[in-house]
Amino acid sequence: MRQFKSQAEAEAAGVYVSKVKSFVKREGRLTKAQEKALEDHWPTKGIDYAEAPLSLSEIFGRSAPVVVEIGFGMGKSLVEMAANAPEKDFLGIEVHRPGVGACLAEASEQGVENLRVMDHDAVEVLKNMIPDGSLSRLQLFFPDPWHKKRHHKRRIVQPEFVELVRTKLAIGGCFHMATDWEQYAEHMLDVMSNADGYTNTATDGDYVPRPDYRPITKFETRGQKLGHGVWDLIFERTK
């Protein structure tokens, strides 16, 4: 069993952890395919956590725009995005180890080389490993909305986190969020609209249409059939 090290790591797994308490996370059982993918591909596509800045050009073997996704689930959409944008490099951060294994298996099957993954707390990775001003985009798709009002403080999109993201984006880089919970969309919009150094890229209203680069997931398709909405927000770092 694995203990959470931060609130963001817990939130990515759907569990809240305060800064002063430790909770045990249910890791989930790896399938044989996921276990084999981790064994075979972690040496080339996995990045171990260390409290030292990454050389992104070194780990990808080139200089290219870098996209980071926090909480990629089972990784299918992330692999699809990387396959569709070979001119960019993608780094996925996910604390659910079976998801990391599934992502590596999918990337191998698709022959995707411009993708690396990490199995660690995203906030710690951003703070300690991602160089300032190095990202062209940071993606946060369908994070836990924490529906109950008394739990709203547990949402990952908070002023402190938003400011951390801003420092990691290059000028002109974007923070792209998506949610299928309208109240969380409104919360995201409020936090981002009051954050210094960002500009909303929406030109018609507060939200943007789903960009072509963000695949529609099976979960999202099921929700649309039930009449559920999805809200995309893209804010650009302007200073």
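What you see below is based on every heavy atom in this structure, not just the backbone, and it leaves out hydrogens, waters and symmetry mates.
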**Prompt:** Got a sec, which hydrophobics cluster with Val117, joining ILVMFWY side chains under 4.5 Å apart, including via others?
**Reply:** Leu30, Leu38, Trp42, Val67, Phe72, Leu78, Val79, Met81, Phe90, Val100, Leu104, Val112, Leu115, Phe141, Phe142, Val208, Tyr213, Val230, Ile234
**Prompt:** Under the 4.5 Å side-chain heavy-atom rule for ILVMFWY, direct or indirect, which residues accompany Met74?
**Reply:** none
**Prompt:** Ser193 and Phe235: side-chain contact (heavy atoms from CB on, under 4.5 Å), yes or no, with the steps?
**Reply:** CA-CA 9 Å; Ser193 297; Phe235 278 73; 4.2 Å; yes
**Message:** If you count every heavy atom of other residues, nucleotides or ligands that lies below 6.0 Å from Asn194 atom CG, does the total exceed 12?
**Reply:** yes
**Message:** More than 12 heavy atoms of other residues, nucleotides or ligands under 6.0 Å from CD of Glu87: yes or no?
**Reply:** yes
Separation between [atom1] of [X] and [atom2] of [Y], rounded to the nearest 0.5 Å:
X      : Y      : atom1 : atom2 : answer
Arg116 : Thr44  : CZ    : OG1   : 7.0 Å
Glu124 : Ile93  : CD    : CD1   : 11.0 Å
Asp206 : Met192 : CG    : CE    : 12.5 Å
His120 : Met118 : NE2   : CE    : 6.5 Å
Glu69  : His176 : CD    : NE2   : 9.5 Å
Leu233 : Thr201 : CG    : OG1   : 8.5 Å

Donor-acceptor pair, distance only, cut-off 3.5 Å: does the side chain of [X] make one with the backbone of [Y]?
X      : Y      : answer
Gln34  : Thr31  : yes
Asn114 : Lys88  : yes
Ser108 : Ala105 : no
Ser77  : Pro215 : no

**Request:** Begin with the C-alpha distance, continue with both residues' side-chain angles, and end with the deciding distance and a verdict on side-chain contact (heavy atoms from CB on, under 4.5 Å) for Val125 and Ile70.
**Result:** CA-CA 10 Å; Val125 172; Ile70 294 174; over 6 Å; no
Taking every non-hydrogen atom, the tightest pair across [X] and [Y]:
X      : Y      : answer
Ala178 : Pro143 : O-CD, 3.6 Å
Phe175 : Leu140 : CE1-CB, 4.0 Å
Val157 : His187 : O-NE2, 2.8 Å

**Item:** From CA spacing to verdict: side-chain contact (heavy atoms from CB on, under 4.5 Å), Ile47, Leu54
**Value:** CA-CA 10 Å; Ile47 300 172; Leu54 284 172; 3.9 Å; yes
**Pair Asn128-Tyr49, side-chain donor/acceptor within less than 3.5 Å** = yes
**Polar side chain donor-acceptor pair, Gln139 to Arg137, under 3.5 angstrom** = yes
**Prompt:** With respect to Glu220, which candidate in His228, Arg214, Lys225 satisfies the side-chain hydrogen bond (donor to acceptor under 3.5 Å, both in side chains) definition?
**Reply:** Arg214
**Message:** Pair Asp144, Arg155 - check salt bridge (Lys or Arg N to Asp or Glu O under 4.0 Å), show working.
**Reply:** CA-CA 7 Å; Asp144 194 320; Arg155 293 169 170 174; over 6 Å; no
Within the structure provided, determine whether [X] and [Y] are in side-chain contact (heavy-atom separation under 4.5 Å).
X      : Y      : result
Lys36  : Lys32  : no
Asp180 : Gln224 : no
Lys45  : Glu113 : yes
Asp89  : Pro65  : no
Pro209 : Asp232 : no
Leu164 : Glu160 : no
Leu56  : Pro131 : yes

**Request:** Start with the C-alpha gap between Arg237 and Lys168, add the side-chain angles, then the distance that decides, and say whether side-chain contact (heavy atoms from CB on, under 4.5 Å) holds.
**Result:** CA-CA 10 Å; Arg237 180 185 176 183; Lys168 303 306 173 179; over 6 Å; no
**Asked** Any salt bridge between Glu163 and Arg166, counting N to O under 4.0 Å?
**Response** yes
**Message:** Below 30° counts as parallel, above 60° as perpendicular, anything between as tilted: where do the rings of Tyr207 and Trp231 land?
**Reply:** perpendicular
**Message:** Name the residue from Glu94, His96, Arg97 that meets the side chain to side chain contact (heavy atoms under 4.5 Å, CB included) definition with Asp119.
**Reply:** Arg97
